[in-house]
Amino acid sequence: MPTFEEARKIILDSVVPLGAEKVETLEAIGRVLAEDVNAPWDMPLWDNTAMDGYAVRSEDCREPVVLRLAGFLPAGSAMTDAVQSGAAVKVLTGAPIPPGADAVVPFEEADEAEGYVAIRGKVKPGDHIRFKGEDVKTGETILPAGTVLRPSEISMLASFGKLFVPVHRRVRVAVLSTGDELLEPGEPLAPGKIINSNSLALAAAVRQTGAVPIMLGIARDNRESLREKLAEGLKADVLITSAGVSAGDRDYVRDVLDELQVEQVFWKVDIKPGRPTAFALHEGNPVFSLPGNPVSSLLTFEEFVRPALLKMMGHRRVLRPLISATLRDDIRKKPGRVNFIRVALEQENGEFFARSAGKQDTGFLKTLLMADGIAVVPAGQGDLKAGDRVDVQLIAGDGGLMEA
Ligand code: AMP
Ligand code: MG
């Protein structure tokens, strides 16, 4: 049975980034660039003014001087005539520097009246000019493959006139719940039946990674039903199943996957919760069989599936940030397996403190709602005491935003 770290490494080593597709630039937000993007031209394209003011020849302005106004250049216009000695051209931010001028004097440092402008201070060559190519040079690899596209990257792409961007394809993820006890949300409750919450929960988790969930509904605890649904699921890039992977009488998921020529890589991981998790490959595509318990299925998704989906979509950083926190509660733990403990975090004077988010039994979904971190407690560790340090993965829904 692999350890937590071994299982995650096996999974990440078995998946590769999917191919590229071209999408409209706005649709590329949050996605990962599949090819280098090189600058087709200099940025800025030409010397231009960083301020509203007067373009001058700095040699005319070694001391306070009065210059004749020889023109006006708002942003969007250009001028071909050179600025003569003794003259200045009024310029607005972004306008090209007219030929002959080599500095800009901001409005605040000059007084204009009746076609003349008095320059009060000294002017140095280059003052308030943004030079051609100062930001980006033609041919420079401005966005390397693997870049996650934020609005700032979109801005750069847009400024080079890019209408389409090559990004890694979104992963198509089939989601299948299994169990005779399951009703779909909206169906009337019935004795012995529970509502299939895992399909929506896992699909939501899939969507949060940027991947595309495909809902396969419910397979019943018999081989025929499983065969039909699993075969359907194997057509996707990734298949996730929930439940039916323990050692119970009706836990047929692995058997049927085997019949369908799916190659099992491991079954069971030395973790709590989530021990029955199985991982398999079908023609190179990953198949995750997650435990049915809603807490276990979401936690194992978080630990194993999410990093794999992110890697397949070209991300190079696929793990949640890990912080060190001081426990505020005692927490029971048996030595033996890595435990995932749902914790609520507080920050004081730049330090993190963690409280148990509620009852740690995997039956309690509410504890996961109260958690903004998962403490990963090493296998060998026994009971934890208040004051102990723990490593915590940050899973806050708001990405760790601060209150205003
Ligand atoms: P199993 O892995 O089949 O033994 O299921 C473990 C537990 O998870 C049982 O209590 C199931 O009723 C529950 N469970 C299984 N599938 C789902 C599901 N799709 N939604 C909610 N709970 C489920
Ligand atoms: Mg079951």
Side-chain angles (χ1 to χ4, degrees), residues 24-30 33 35-145 147-167:
E24 285 183 40
T25 304
L26 178 56
E27 303 311 315
I29 185 68
L33 205 57
E35 293 165 20
D36 290 353
V37 174
N38 301 326
W41 54 67
D42 279 343
M43 193 88 79
L45 266 172
W46 14 260
D47 297 354
N48 69 92
T49 173
M51 301 282 283
D52 294 334
Y54 303 92
V56 300
R57 304 167 71 104
S58 61
E59 64 195 15
D60 289 350
C61 310
R62 296 211 176 98
E63 51 207 45
V65 65
V66 174
L67 302 171
R68 180 174 50 83
L69 264 185
F72 174 50
L73 271 185
S77 50
M79 186 167 139
T80 47
D81 294 349
V83 179
Q84 303 297 319
S85 181
V89 169
K90 192 170 184 171
V91 287
L92 297 186
T93 306
I97 302 297
D102 67 347
V104 170
V105 180
F107 281 171
E108 297 79 357
E109 294 168 23
D111 302 294
E112 183 189 328
E114 291 167 22
Y116 288 87
V117 59
I119 309 294
R120 285 184 234 125
K122 264 196 194 168
V123 179
K124 292 193 302 302
D127 277 358
H128 305 293
I129 292 179
R130 304 171 184 144
F131 290 101
K132 173 176 160 56
E134 199 178 12
D135 189 6
V136 177
K137 298 231 167 0
T138 306
E140 188 180 327
T141 300
I142 190 65
L143 298 168
T147 301
V148 182
L149 300 171
R150 300 168 298 172
S152 48
E153 281 78 23
I154 299 292
S155 177
M156 184 63 82
L157 291 162
S159 68
F160 286 126
K162 303 280 185 196
L163 294 176
F164 295 91
V165 186
V167 292

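- Contact annotation: the side chain of Pro151 approaches that of Ile29 to within less than 4.5 Å [non-hydrogen atoms, C-beta and beyond].
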**Request:** Applying side chain to side chain contact (heavy atoms under 4.5 Å, CB included), run through Phe131 and Asp42 and close with a yes or a no.
**Result:** CA-CA 10 Å; Phe131 290 101; Asp42 279 343; over 6 Å; no
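- Among all heavy-atom pairs drawn from Asn48 and Gly94, the shortest one is CB-O, 3.6 Å.
- Between the side chain of Thr25 and the backbone N or O of Lys162 there is at least one donor-acceptor pair closer than 3.5 Å.
- Of all heavy-atom pairs spanning Asn38 and Gly139, the tightest one is CB-O, 3.8 Å.
- Test Val89, Val123, Leu69 against Tyr54 for side-chain contact (heavy atoms from CB on, under 4.5 Å) and you get one pass: Leu69.
- At distances below 3.5 Å, not a single donor-acceptor pair connects side-chain atoms of Asp102 with backbone N or O atoms of Pro125.
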**Intermediate values then yes/no, side chain to side chain contact (heavy atoms under 4.5 Å, CB included), Asp60 and Ile119** = CA-CA 10 Å; Asp60 289 350; Ile119 309 294; over 6 Å; no
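- Formation of a donor-acceptor pair under 3.5 Å by the Asp127 side chain with backbone atoms of Val104 is not found in this model.
- With hydrogens and angles ignored, the 3.5 Å screen pairs a side-chain donor or acceptor of Asp47 with a backbone N or O of Lys132.
- Atom OG1 of Thr147 is separated from atom CD1 of Ile142 by 9.5 Å, given to the nearest 0.5 angstrom.
- Surrounding CZ of Phe72 are more than 12 heavy atoms belonging to other residues, nucleotides or ligands, all under 6.0 Å away.
- Within the 4.5 Å cutoff, no side-chain heavy atoms of Ile154 are placed close to those of Leu26.
- At distances below 3.5 Å, at least one donor-acceptor pair connects side-chain atoms of Asp52 with backbone N or O atoms of Thr93.
- Between Thr138 and Pro40, the closest heavy-atom pair is CG2-O, 3.8 Å.
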**Item:** CA sep, side-chain torsions, deciding dist, call: Val56, Val83, side chain to side chain contact (heavy atoms under 4.5 Å, CB included)
**Value:** CA-CA 7 Å; Val56 300; Val83 179; over 6 Å; no
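- Between Leu33 and Val165 there is a side-chain heavy-atom pair separated by less than 4.5 Å.
- You'll find the side chain of Thr49 reaches within 4.5 Å of the side chain of Ile97, heavy atoms only.
- A 4.5 Å side-chain heavy-atom check between Leu149 and Leu157 finds at least one atom pair inside the cut-off.
- The side-chain heavy atoms of Phe107 and Met51, taken from C-beta on, include no pair separated by under 4.5 Å.
- Looking at Glu140, its side chain does come within 3.5 Å of a backbone N or O of Lys137 through a donor-acceptor pair.
- Panel note: side chain Arg130, backbone Met43; no donor-acceptor pair is recorded below 3.5 Å.
- Residues Thr80 and Pro99 fail the side-chain proximity criterion, which asks for heavy atoms closer than 4.5 Å.
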**Request:** Evaluate side chain to side chain contact (heavy atoms under 4.5 Å, CB included) for Val37 paired with Glu153, printing each intermediate quantity in order.
**Result:** CA-CA 11 Å; Val37 174; Glu153 281 78 23; over 6 Å; no
